[in-house]
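No hydrogens, no waters, no symmetry mates; every other heavy atom, side chains included, goes into these values.
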Amino acid sequence: MNTTKPLENTYLTVSIEPLPPVVVGDAVTLKCNFKTDGKMREIVWYRVTDGGTIKQKIFTFDAMFSTNFSHMENYRKREDLVYQSTVRLPEVRISDNGPYECHVGIYDRATREKVVLASGNVFLNVMAPPTSISVLAADTPAPFSRYQAQNFTLVCVVSGGKPAPLVYFKRDGEPIEATPLPEPPVGTGNWAPRNLLHRDLDDTKVPKSLTDEGEVGAGQAPATLDPPRGLAAERDPVTETIPETVVSREFPRWVHVAEPIYYFRHTHAPVSDGTVEARATLTWTLNPQIDNEALFSCEVKHPALSMPMQSEVTLVAPKGPKITMTPTRARVGDTVRILVQGFQNEVFPEPLFTWTRVGSRLLDGSAEHDGKELVLERVPAELNGSMYRCTAQNPLGSTDTHTRLIVFGRAANGVTPPSTNPHSFPLTHTIKLSLCYFFPIRKPKYSQRNRGLQW
C-alpha cells in the first residue's frame with residue numbers, strides 16, 4: 001500500500017513491497033520504501049492485532065540519535081532521497097500472521113518544528129502444513145447385521161493446517177466420485193449420518209403368498225426388487241402378516257452387486273492456535289461381500305505440502321480372537337479374568353465384544369456382558385467345566401470363540417469359601433467308601449504223577 005503526503009514545500013511517499021504466502025519456519029524480510037525531498041525524522045514498524053485496535057511496536061529508528069544524519073543541519077537544502085527500511089523475521093510462526101505497518105516521519109522544509117507523517121501496510125500470510133491425519137469409523141463399535149442393510153461412514157480428521165486443506169477419499173488407490181452433501185446447520189454440533197433404514201425386504205424373507213403366486217398384481221412393484229442404490233432408503237410402514245423365513249444363502253438380495261453411491265461432506269473449524277481442523281465424511285450403504293478387505297485412504301492437498309499427505313485403513317471383519325485366562329490354574333474363590341488380547345488379523349473398525357455362558361447365565365445373573373474382558377469374582381466350585389462364548393463383530397462380519405473354565409478344589413489360601421448353590425456340596429467333603437473284593441476259588445485236583453494237590 002502506498003501513502004503520499006504532498007505538501008507545499010515538501011513531499012513523502014511510503015510503500016511496502018507485497019509478500020507471497022510463507023510457510024512456518026521460513027525467514028521473511030519486510031521492506032518499506034519511501035521517497036522524500038525532506039529530512040528523515042523517524043521510522044517505526046508496528047504489528048497490528050485485534051482487528052487494528054492494538055499496534056505493537058517492533059522496530060524504531062530515530063534520526064536524532066543517528067550519526068548518519070549529521071548533515072540535517074542543512075535541512076533547507078532540497079534533495080530527493082530514496083530510503084528503504086527492512087525488518088527480518090528469522091523463523092516465522094503462525095502467531096506472526098497478520099498486518100504490519102511502516103510509519104515514516106520527515107521534517108517539513110518550511111519549518112524545523114513540524115514533522116510530516118506517512119505510512120504503508122502489508123499483510124503477512126503465514127501457512128502451516130497439517131500435522132496429523134487419521135481415519136475413523138463413525139458410530140462404532142457397531143454390530144454386524146446379516147439381513148439388513150446399514151449405512152457406514154468413514155471420518156477423516158486433519159489437524160494443524162492453515163489454511164484449511166483439500167481432503168478427498170480413495171478406494172483401492174482410485175479416487176472416489178462422491179455426491180457432495182450440504183453443510184450442517186449452525187448449532188447442530190458434530191454431524192453424524194442418520195440411519196435412513198427401517199426395514200428392507202429381501203428374498204430370504206418373502207411372504208409365502210407371493211412365492212406361491214409367482215406374479216405380482218398390476219401396478220405393484222415386485223417384492224424382490226433391490227432397494228434404491230446409495231443410502232439405505234426409508235419405507236412407509238406396511239401392514240402384513242409375518243413372512244415365512246427361508247435362509248437360502250449367506251447374504252440376502254439387498255447386497256448390491258453394482259458400485260455403491262458415496263456421499264461426501266467437508267467441514268472445518270478454527271482452533272485457538274490459529275490453525276484449522278478439517279473433517280471429511282464418506283457415507284455409503286455397506287456391502288460386506290465386496291467391502292470386506294477394501295482399502296480406503298484419505299488424502300490431503302495443502303499449499304504448504306510438497307506432496308499429498310494420506311492415511312489408510314482396510315475394512316476387515318474380525319477373525320480368530322485370541323483369548324487368555326488368568327490365573328491359568330484357577331481355584332475356588334479366585335477372581336478369574338478372561339480377556340481378548342487380539343485377532344489373527346488387523347480388524348477395522350473396532351469390534352464389539354459380547355460374552356455369554358453356554359447353556360446358562362453368567363455368574364452375576366446377567367444373560368450377557370459387553371467388553372473385551374469378562375471378570376468372574378470368587379468363582380464357586382459349580383463353575384468347573386463351564387463354557388463361555390465370546391462374540392466379536394463389526395459391520396463387516398462376526399465370529400465366535402469358546403473357552404472352558406476349569407476350577408480346582410481349594411483356593412490359594414487353603415480356605416474354601418461356601419458355595420453359592422444351596423444344592424451343591426463343597427469339594428472338601430470326603431466320602432468314605434467300604435470296598436469288598438471277591439475272588440473266585442477253584443477246586444484243587446489230585447495228580448498221581450506228582451502225588452499231590454494241584455491248584
Enquirer: Identify whether the distance between the nearest side-chain nitrogen and carboxylate oxygen of Arg279 and Glu277 falls below 4.0 Å.
Expert: yes

Enquirer: So how far is it from Phe59 CZ to Cys32 SG, rounded to the nearest 0.5 Å?
Expert: 10.5 Å

Enquirer: Rounded to the nearest 0.5 Å, how far does CD of Glu373 lie from CD1 of Ile323?
Expert: 12.0 Å

Enquirer: Under the criterion side-chain hydrogen bond (donor to acceptor under 3.5 Å, both in side chains), which of Thr275, Asn97, Asp273 is the partner of Lys162?
Expert: Asn97

Enquirer: Examine Arg329 relative to Phe408 and say whether NZ or CZ is less than 6.0 Å from the centre of the six-membered ring and inside a 45° cone about the ring axis.
Expert: yes

Enquirer: When you compare the side chain of Val167 with that of Glu299, does any pair of heavy atoms fall below 4.5 Å?
Expert: no

Enquirer: Show the numbers, then the answer: is there a side-chain contact (heavy atoms from CB on, under 4.5 Å) between Thr399 and Lys319?
Expert: CA-CA 6 Å; Thr399 183; Lys319 295 180 182 178; 5.7 Å; no

Enquirer: Is there a side-chain contact between Pro318 and Asn394 in this structure, where contact means two heavy atoms from C-beta onward sitting under 4.5 Å apart?
Expert: yes

Enquirer: Among Trp284, Phe348, Phe152, exactly one meets ring pair (Phe, Tyr, Trp, His ring centres under 6.0 Å) together with Phe296. Which residue is that?
Expert: Trp284

Enquirer: Could you check whether Arg171 and Tyr262, counting side-chain N and O atoms only, form a donor-acceptor pair closer than 3.5 Å?
Expert: yes

Enquirer: I'd like to know if the side chain of Gln148 pairs up with that of Gln150 as donor and acceptor (distance under 3.5 Å, no hydrogens or angles considered).
Expert: no

Enquirer: Hey, does Met40 have a side-chain heavy atom less than 4.5 Å from the side chain of Phe61?
Expert: yes

Enquirer: Run Leu124 and Val122 through side-chain contact (heavy atoms from CB on, under 4.5 Å) and show every step you take.
Expert: CA-CA 6 Å; Leu124 178 61; Val122 67; 6.0 Å; no

Enquirer: Quick one: pull up CD1 in Ile176 and OG in Ser297 and give me the separation to the nearest 0.5 Å.
Expert: 7.5 Å

Enquirer: What residue pairs, at least two apart or across chains, pass side-chain hydrogen bond (donor to acceptor under 3.5 Å, both in side chains) with a residue in residues 25-34?
Expert: Glu17-Asn33, Asn33-Gln84

Enquirer: Is the closest side-chain donor-acceptor distance between Thr356 and Arg389 under 3.5 Å?
Expert: yes

Enquirer: State, yes or no, whether a side-chain contact exists between Arg357 and Ser386 at a heavy-atom distance under 4.5 Å.
Expert: yes

Enquirer: Please report the C-alpha distance between Phe343 and Val316 in whole Å, then the side-chain angles of each, then the deciding distance to 0.1 Å, and finally whether the side-chain contact (heavy atoms from CB on, under 4.5 Å) criterion is met.
Expert: CA-CA 11 Å; Phe343 296 88; Val316 181; over 6 Å; no

Enquirer: Side-chain donor-acceptor pair under 3.5 Å between Thr283 and Thr153, yes or no?
Expert: yes

Enquirer: What verdict does the side-chain contact (heavy atoms from CB on, under 4.5 Å) test give for Thr267 and Arg265, after you've listed the backbone C-alpha separation in whole Å, the side-chain angles of each residue and the deciding distance to 0.1 Å?
Expert: CA-CA 7 Å; Thr267 60; Arg265 171 168 283 160; 4.2 Å; yes

Enquirer: Quick check, are the ring centers of His103 and Tyr46 under 6.0 angstrom apart?
Expert: yes

Enquirer: Is any side-chain heavy atom of Phe169 closer than 4.5 Å to a side-chain heavy atom of Cys156?
Expert: yes

Enquirer: Is the shortest heavy-atom distance from the side chain of Val271 to the side chain of Val276 under 4.5 Å?
Expert: no

